[in-house]
Amino acid sequence: MALKVVSEALSHGGRQLVLSHDSAATATPMTFSLFLPPQAEQGRVPLVTYLSGLTCTHANVTDKGEYRRSCAELGLAFLAPDTSPRGEGVADADGWDIGLGAGFYVDATETPWSANYRMWSYVTDELPTLVEAEFPMLDMGAQAITGHSMGGHGALTVALRHPDRFRSVSAFAPIVAPSQVPWGEKAFTAYLGADRDAWRAHDAVALIESGARLPALKVDVGGADSFLERELKPELLEQACIAAGQPLELAIRPGYDHSYHFVSTFLPDHLAWHAERLR
Ligand SMILES: N[C@@H](CCC(=O)N[C@@H](CS)C(=O)NCC(=O)O)C(=O)O
């Protein structure tokens with residue numbers, strides 16, 4: 001098997017796995033977590049992929065996301081990759097918003113990042129191909145995607161560019177227009193270069209403006225999120241969706257911040273919403 005089992009534990013009757021493998025996309029070892037609900041012992045189950053935010057590994061949502069009870073009840077598998085390549089020789093920079101833990105789900109074209117920072121290929125191609133081959137109980141015809149912050153950006157852009165792969169898409173506090181905010185401008189300049197035209201393929205608002213559409217879209221943002229006005233700007237997504245006729249269920253949750261206390265509060269709602277569309 002191409003996968004090494006890092007850990008395995010029974011939870012809510014399902015199997016919480018942490019796995020690692022040598023990635024061809026990033027040319028590094030990569031670690032991810034996969035929860036298989038009890039229903040996976042009997043037959044095929046839908047797959048929800050969760051992309052994490054800045055500074056995270058697979059472990060943040062695995063430890064703090066509180067998704068297992070819902071996934072076990074709803075019969076959903078839950079896949080959580082890392083957010084960047086890691087290891088000896090992998091480029092990094094000062095600051096937590098670029099480099100390790102901040103891959104932004106793009107294939108970098110600029111040095112030194114292009115050697116390993118190929119998270120687009122990893123999450124859209126290598127990882128789904130790998131889990132499909134290794135876990136035949138996953139129904140790859142019934143997939144949903146979600147994510148948090150930088151991972152919300154990842155979920156939106158991956159789904160907008162693979163409209164036939166996902167039946168539903170959701171996000172928590174996503175960076176909806178990275179080309180227009182400091183986090184995205186910094187990362188895209190480093191990874192993709194100064195030509196802003198190249199950024200459009202990785203900008204959810206720009207993709208919607210260019211005609212890309214999603215089957216079903218749900219977004220929650222905390223009203224007390226300290227990144228709301230500077231980095232997240234959900235109003236840009238709302239305006240783009242209205243102009244494009246793209247249905248969007250957007251909720252600003254008063255009092256909630258950017259943390260996993262917010263994500264874990266609303267992740268069960270998102271999973272139930274995805275399950276309805278994956279049935
Ligand atoms: N590391 C930054 C915060 C970055 C941050 O809020 N990251 C979010 C995603 S954008 C996160 O999930 N952090 C990890 C965690 O809360 O477990 C800081 O210390 O101010």
Side-chain angles (χ1 to χ4, degrees), residues 7 16 18 30-33 35 48-68 78-86 90 92-106 117 119-120 122-123 145-158 169-191 202-205 218-234 236-237 250-253 255-271:
S7 68
Q16 180 61 67
V18 177
M30 291 294 284
T31 302
F32 64 93
S33 77
F35 179 70
V48 179
T49 296
Y50 176 99
L51 301 181
S52 293
L54 290 165
T55 73
C56 292
T57 67
H58 71 283
N60 299 68
V61 69
T62 307
D63 294 346
K64 299 192 288 190
E66 300 178 22
Y67 55 82
R68 277 171 288 266
F78 190 95
L79 174 66
D82 203 344
T83 57
S84 77
R86 296 175 197 274
V90 174
D92 196 12
D94 288 342
W96 48 266
D97 51 3
I98 192 165
L100 299 181
F104 267 85
Y105 306 102
V106 302
Y117 284 73
M119 291 303 291
W120 180 262
Y122 183 70
V123 298
I145 190 163
T146 185
H148 174 218
S149 195
M150 175 183 72
H153 141 74
L156 293 171
T157 53
V158 166
V169 184
S170 78
F172 301 86
I175 305 167
V176 301
S179 309
Q180 301 185 48
V181 301
W183 276 343
E185 288 180 310
K186 180 175 176 180
F188 283 6
T189 303
Y191 298 150
H202 290 286
D203 183 303
V205 164
K218 176 178 175 66
V219 173
D220 279 68
V221 185
D225 187 321
S226 57
F227 301 117
L228 185 62
E229 281 154 27
R230 189 174 145 91
E231 305 285 0
L232 308 179
K233 294 187 180 289
L236 296 179
L237 180 67
L250 172 65
I252 309 293
R253 304 294 185 180
Y256 283 90
D257 66 13
H258 195 67
S259 73
Y260 270 91
H261 297 296
F262 158 66
V263 175
S264 62
T265 300
F266 296 101
L267 191 44
D269 291 355
H270 282 232
L271 291 168

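Order of listing sets the numbers, starting from 1, for every ligand and every atom in it. Only heavy atoms go into these numbers, but all of them, side chains included; no hydrogens, no water, no symmetry mates.
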Pick one of side chain, backbone, both or neither for how M150 approaches ligand 1, counting any non-hydrogen atom pair under 4.0 Å. neither
Give the atom numbers and elements of ligand 1 that come within less than 4.0 Å of a heavy atom of G53. 9 (C)
Between T83 and G53, the two heavy atoms sitting closest are CG2-O, 3.5 Å
K64: heavy atom below 4.0 Å from ligand 1, yes or no? yes
Atom indices of ligand 1 within 4.0 angstrom of S149 heavy atoms, with elements: 10 (S)
Heavy atom of protein closer than 4.0 angstrom to atom 16 (O) of ligand 1: yes
With a 6.0 Å cut-off on the ring centroids, do Y50 and Y67 count as close? no
Any heavy atom of S259 closer to ligand 1 than 4.0 angstrom? no
Considering only heavy atoms of T55, which atoms of ligand 1 have at least one such atom less than 4.0 Å away? 1 (N), 7 (N), 13 (N), 14 (C)
Mark up the atoms of ligand 1 that fall under 4.0 Å of a heavy atom belonging to C56, in ascending order. 11 (C), 12 (O), 13 (N), 14 (C)
Below 6.0 angstrom between ring centroids: does that apply to Y191 and Y117? yes
Taking the six-membered ring for Trp, is the centroid-to-centroid distance between W120 and H202 below 6.0 Å? yes
Just jot down the ligand 1 atoms closer than 4.0 angstrom to any heavy atom of N60, in number order. 14 (C), 15 (C), 17 (O)
